[in-house]
Amino acid sequence: MKFMIDDLPVLFPYDRIYPEQYSYMCDLKKTLDAGGHCVLEMPSGTGKTVSLLSLIVSYMQFYPVKRKLIYCSRTVPEIEKALAELKRLMEYRVEMGAKDEDFRGLGLTSRRNLCLHPEVSKEKKGKIVDSRCRDLTSAFACEKGRAEPGSVPLCSYHEELNNYETGNLIPPGVYTLDDVKKWGQEKGTCPYFTIRRMMPFVDIIIYSFHYLLDPKVAENVSAEMSKESIVVFDEAHNIDNVCIESLSIDLTRPMLDSAARSVNKISDKIEEMKRTDATKLQDEYEKLVAGLQEANERREDEDMLASPVLSTDLLEEAMPGNIRKAEHFIAFLKRFIEYMKTRMRVLHVVAETPQSFLAHLKEITFIERRPLKFAAERLTNLVRTLELTNIDEHYALQKVAGFGTLVATYEKGFLLILEPYETEHATVPNPIFHMTCLDPSLAIAPVFERFSSVVITSGTISPLDMYPKILQFQPTLIQSYPMTLTRNAFFPMVITRGSDQVPISSRFEVRNDPAVVRNFGSILIDMSKTVPDGIVAFFPSYLYMESIVSAWYDMGILSEVWKHKLLFVETPDAMETSVALKNYREACNNGRGAVMLSVARGKVSEGIDFDHNYGRAVIMFGIPYQYTESRILKARLEFLRDNHRIRENDYLTFDAMRHAAQCVGRVLRGKTDWGLMVFADKRFARQDKRAKLPLWINQYITGAHSNLSTDMAIVLAKKFIRQISQPWDHTQTGISLWTLEDIEERQRKAEEEAEKGLQEVARIMPVHDGEVVEEDYGEMDDHMLADLDFPMDVDG
Amino acid sequence: MPDDDNYDPTADLEYAEVDDDDQPRTSTAAKGKHKASVNGQAEKGQAVWEGTYNRSWDVVQEDAEGGLQSAVDSLIARGRRKRAEIDTPLRRSIIRHMFIILDLSESVLDKDFRPSRFELTLQYMRSYVVEWFDQNPLGQIGMIIMRDRLSEVLIPMGGNPQEILSVLTDKRKLEPSGEPSLQNGLVMAKGGMSHLPSTSSLEILVVFSSISTADPDGPINIHQVLSDLSSSRVRTSIISLSGEIKICRQICQRTGGKFGVAMDEDHLRELLWETIPPPAQTQSSNPTTLGVRNALAAGGNRVDGDGSRPPPVGDLMVMGFPVRLPPGGETLCVCHGLLKKGGYLCPRCGSKLCDVPTDCEVCGLMVVSSPHLARSFWFLFPVAHYDALTVETTMGDRERSSPTCYGCDRSFKTMRKMFQGFLLRM
């Protein structure tokens, strides 16, 4: 359908629209008009993606300024879904006679998912695919291969691309990942490089967060995006963790050993080259002397070893003298690695700032800060000069060099932590050197600076005001949308005590108390007796799940559950989990029913949907707090407290609740879906916890359901299940589904109200009327009026 | 409105009567009595605090929630009205064969339906069977129970309600245990109907109490059973006592049956009783109509049940009207092989049958008595619907004249009470 938001005609590919979609679009448009950033929360399953895309595409096509959309999502399936949605939208637009002939939309993912090369594509690991692809497609290989065919193996798919005109490697249109692969197969071109090279020419690019946030890849992939681009982070509830991960590096002893080996290999190679082709090394040296940083510009496609620091923090100066010569640099690296090895021998925990690390480093090895800054950069140059193949062998060395660069570049917001033992009780040292970023705003700051509009959105991103704080930006709009439903399709309840009235909690002191364990077990038993088909249960951690499941086994609780449903358990192993999931689905389909025991923050809680019969109930056993003894977390909390004035407890609760929301949100994937949400912990009853749940969940937790014992909860659950199973009028038109007329009516009403409000304001405060109108035209709500009424009362 | 039906049996009686609007054929008095007995038992069978705890909770929940309960209620009412409306123009099956599959797993011991799911199901079944034969005199019912992951035939397909009732009262044989296997139940029911002509209405009614089915691991899974059922046109209706189960809903949708979830005792009854009127006829996939001559030629093998269903209108089927024996000396019957007094003689082969309607054990002829046929005939020419009048007009009239029926002079007590309640609530 086609409707107007203010002066913008919007083409929406369905003939009905949810009210929340409409208001979402309105708010989105406001943000784009204002050219600011926004945080929006909309319940899962209400068509977030399609409303986003349809508004932005309409916006892009309506206004003459050429703007690009960069749509970041989390996983490959989500990218695929967004692309399919976009494709549908564009087809609809063509049907409606929109003129967007030159429109291109592409999605980018890793080589592993896109490769067509007969041998390389068989590799399972992403790193190996990447490295083998580079061997076949790197600039020097290509040069050599083209100069004397047959001397070096080349990828025919990659070569074929040269026969196409730049910027027209693929005709306009929207392609899903499969479409691009098919096209590549037909024409014999490489899908990955087609997309990569088309990036500057497409209107919409859909890819994962990392391509924009992780400096190691962002520099290569997303450098050419124009300033006017609209950036959308979908499923962004974990965006701060992505930011932090992209700037953190962990080193272990084996990695250092492997790095040392690769240094030796490289030095051998240098020796060899010196004998055969000394000019090349000399050339490189000359170039570095001249400060030719842009030596790499010539070779655009080589993203083998990008710098791990953000582009804005890259040095614009010349390479320092003491590492210009290859052999000097090698010696430098060797020294650095040896130093790191010595540090690792310490058997107690060390936490220090980058400055103190550098000072110590200088004292022992005389390595200065400046050359260390260039470590990653210099290594890249060297590898290129030596024309090394099989880059993945040198993976550890890259990490070490990256580590050096990071330490030397950043002073604030980072912490070095050495943990000699893996767990608290381990006696065999297995040291890990963490270089952790504490400040998520570092990685995302360039994005906010560079792009005029950044939209952060997710189904569960409450409390909304936390994100601007920890990411350090000024949003123009923060909004959470409730879910309009004709029936209460989901039923959240908080169980605070067992049938024996013992309070239940996953608090550390009581979590292994037999009474609590037994009460958790009895919740599972009773739910498995009551709820048909699938149940998903989430535990705060693997450790706790293991202990509680073994305790349940001893108590005979599992065999009781077994009578009603099959049991599946998520493990850290992805393969095992996917088999478990497959069987779980089957059990849900053939009526046997199943329980999936999984872990909040695990794979299942993040990426897997349990729609309809796959998840009729979700049980949160305890609050999924992070492991608070972790030193990294402690450092991070301290940082947040000192720099952003966020109390430790606030952040921990926020983090726990967003994961809880994420978990329970798994069961509701649309308006025809239904499910129970059980929060089993007495702490959920507290207002400070509940307030942090998304609005659309929170609005359905009534006082009566927020402090239940197990037996009461079961009675309620039974009742709910029976009621929700009644035949139901699927036409929700008018209430939670709007037709075009409904929208127009709504708009007319809003206008009238606005006018009324305007008059009111004019009557009350003739002086201020101009300002108020400008700010809040069309959004004059009761709040405002109440505020305005107040001075009147005082006067009267 | 009475808020607590446990303590107000009269209100319940009333409700039962109002309920009857839908099923004009049911005998009001009998049902009223029966309802009262349910209540009596419920009161005796449970401790007082138990009841109050449960019920008061329900009431509180409704009040706080507001929307859901009333919405569902209104939906049910609307559904009832809708059903009443589409009744007329359908062509209905006269000859029905139905297997009732009862879930006798441990879950039926749950007491959320008073006195327990088990007791209630059996109770309803007893009156259901009577009612069913009352309205479908030419039909036959068999019963299968599911427990311990097995299914067993409780009563083979037959047309005698007395037999079924006597089995249903014997609770020792019906001890619930283990888990049910829906697949086994369906396979057995289908096997029990495989000899029947596809032209008569084949039905399965499952009263399913548990939330899962424990099916055997083997070459056949429940999805294959489902496609078997739908290809052989066995209409499967499932009434669940606990909630929507995907596979059950799927089975009902694919085979053209109804899936219902009972919310409480009355709703369960309503759902059960909905299945009593014969279903609308489905078009048979292969209109192989055996004419009467063919049927005769077939020698009265059990293939003779063809007839009114496939498109050629007015096709015939073979039936025999038996001779009733005087209740004199005892003779051997063919159906049980026992010496019995009285009975009927098959008009074709002359063997003695205990009861009609039935299929003759010897020659396979369908033996019916003419009142049965006449009663089934009712569904071919149903009574036209009453016009609905608004409360105002009728009540206005009543207020002025007498609040009684002009036909039988009975006072419209219920109507009046309802109206008063309505006023009070306003």
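Chain A is the first sequence line, chain B the second, and so forth, proteins listed ahead of strands; every chain is numbered from 1.
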**Request:** Select one option (side chain, backbone, both, neither) describing which atoms of Lys529(A) are under 4.5 Å from chain B's heavy atoms.
**Result:** backbone

**Asked** What closest approach, in Å, do His564(A) and Ser212(B) show between heavy atoms, and which atom pair accounts for it?
**Response** O-OG, 3.0 Å

**Prompt:** Measuring from Arg592(A):CZ to Ile211(B):CD1, what's the distance to the nearest 0.5 Å?
**Reply:** 9.0 Å

**Message:** With rounding to the nearest 0.5 angstrom, report the OG to NZ distance, Ser105(B) to Lys563(A).
**Reply:** 11.5 Å

**Prompt:** If you count heavy-atom pairs under 4.5 Å between each of Ile222(B), Ile247(B), Asn221(B) and chain A, which one has the most?
**Reply:** Ile247(B)

**Item:** Largest heavy-atom contact set with chain B, pairs under 4.5 Å, which of Gly591(A), Gly703(A), Ala587(A), Ser528(A)
**Value:** Gly591(A)

**Request:** Show the numbers, then the answer: is there a side-chain contact (heavy atoms from CB on, under 4.5 Å) between Asn590(A) and His223(B)?
**Result:** CA-CA 7 Å; Asn590(A) 63 22; His223(B) 297 284; 3.9 Å; yes

**Message:** Please report the interatomic distance CE(Met263(B)) to CD1(Ile724(A)), rounded to the nearest 0.5 Å.
**Reply:** 11.5 Å

**Request:** Give, as side chain, backbone, both or neither, the part of Leu182(B) having an atom under 4.5 angstrom from any heavy atom of chain A.
**Result:** neither

**Message:** If you count heavy atoms of other groups shown closer than 6.0 angstrom to CD of Gln224(B), is the number above 12?
**Reply:** yes

**Request:** Considering non-hydrogen atoms only, spot the tightest contact between Gly243(B) and Pro532(A) and give its length.
**Result:** C-CG, 4.4 Å

**Prompt:** Thinking salt bridges, do Lys718(A) and Asp110(B) make one under a 4.0 Å N-O criterion?
**Reply:** yes

**Asked** Would Arg722(A) and Asp112(B) satisfy side-chain contact (heavy atoms from CB on, under 4.5 Å), going step by step from the backbone distance to the final call?
**Response** CA-CA 12 Å; Arg722(A) 291 203 183 111; Asp112(B) 53 355; 2.5 Å; yes

**Request:** Decide yes or no on side-chain contact (heavy atoms from CB on, under 4.5 Å) for Ile721(A) and Glu244(B), but give the supporting numbers first.
**Result:** CA-CA 7 Å; Ile721(A) 290 171; Glu244(B) 176 188 330; 6.0 Å; no

